[in-house]
Amino acid sequence: KAGVTQTPRYLIKTRGQQVTLSCSPISGHRSVSWYQQTPGQGLQFLFEYFSETQRNKGNFPGRFSGRQFSNSRSEMNVSTLELGDSALYLCASSPRDPRMDEQFFGPGTRLTVL
Amino acid sequence: AQSVTQPDIHITVSEGASLELRCNYSYGATPYLFWYVQSPGQGLQLLLKYFSGDTLVQGIKGFEAEFKRSQSSFNLRKPSVHWSDAAEYFCAVGVSGGYNKLIFGAGTRLAVHP
């Protein structure tokens with residue numbers, strides 16, 4: 001079974017631009033979570049989607065948004081990019097529907113904001 | 001608020017030596033606990049998890065961890081380290097009812113001397 005895939009793997013943007021990152025979960029997984037990883041703040045939870053509904057959201061500004069499609073694929077969008085948004089963005093999928101389950105992570109998208 | 005502390009930022013061990021990585025959590029109820037490993041440029045791989053039951057859990061790659069409620073700890077151990085174990089290790093707590101939201105520790109970077 002293929003793992004979690006994220007595209008693109010690397011991205012360079014300039015301040016003020018917007019960016020969309022994509023995540024395809026493991027086949028059959030319906031929950032997708034997003035995390036931001038930076039050297040200064042570590043790994044931080046952004047949001048989680050299940051069956052196209054956002055069930056939980058971390059403490060990030062409204063510039064960070066996401067969505068999930070009927071095939072469970074998910075996208076996250078960051079508008080008006082800031083230098084501090086440079087990070088590794090990780091997507092994870094979970095196989096079941098309890099409120100807490102093990103998560104399988106993708107390789108991440110490395111975003112650099114210049 | 002929930003939090004995870006990994007007191008050791010860097011640890012260096014010799015190949016073949018035993019390993020213990022410390023993790024302390026702050027959470028009011030019974031936590032869901034995880035250890036993940038991240039190799040450079042990669043996503044996170046789940047080593048093991050504790051949801052309930054036996055407090056000594058076995059994971060992949062010869063790792064184990066012990067949940068000690070009285071000490072709010074979930075330390076990761078391996079009896080004999082291999083050079084390929086060099087990576088960064090993250091302890092995480094899942095929030096009950098938190099819809100797959102994980103709170104991560106800052107990580108411990110493990111170096112292995114030949």
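Throughout, a chain's letter reflects where its sequence line sits, starting with A, and its residues are numbered from 1.
- Side chains of A/F45 and B/L102 form no contact here, defined as non-hydrogen atoms less than 4.5 Å apart.
- Residue B/I60 places its CD1 atom among more than 12 non-hydrogen atoms of other residues, nucleotides or ligands, all under 6.0 Å distant.
- Atom CD of B/Q58 has more than 12 heavy atoms from other residues, nucleotides or ligands within 6.0 Å.
- A 6.0 Å sphere centred on CG of A/N59 holds no more than 12 heavy atoms belonging to other residues, nucleotides or ligands.
- In this structure, B/Y32 and A/E102 have side chains that are not in contact, with every pair of non-hydrogen atoms separated by 4.5 Å or more.
- Grouping the Ile, Leu, Val, Met, Phe, Trp and Tyr side chains by contacts below 4.5 angstrom, directly or via other members, places B/L76 with B/Y25.
- In B/R77, the CZ atom is crowded: over 12 heavy atoms of neighbouring residues, nucleotides or ligands sit closer than 6.0 Å.
- Taken from CD in A/Q37 to CZ in B/F104, the straight-line distance is 8.5 Å, to the nearest 0.5 Å.
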A/F105/B/Y36 under ring-ring contact (aromatic ring centres under 6.0 Å, His included): CA gap, chis, key distance, verdict: CA-CA 10 Å; A/F105 282 80; B/Y36 283 88; 5.2 Å; yes
Less than 3.5 Å apart, which donor and acceptor atoms pair up between the side chains of residues 107-114 of chain A and the rest of the protein, not counting sequence neighbours?
{"from": "A/T109", "atom 1": "OG1", "to": "A/P8", "atom 2": "O", "distance (Å)": "2.5"}

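- For B/Q45, no part sits under 4.5 Å from any heavy atom of chain A, backbone or side chain.
- Side chain of A/Y35 to backbone of B/K101: no donor-acceptor contact under 3.5 angstrom is found.
- Residues A/L88 and B/Q42 share a closest heavy-atom pair of CD2-O, 4.4 Å.
- Within the 4.5 Å cutoff, side-chain heavy atoms of B/L44 are placed close to those of A/L43.
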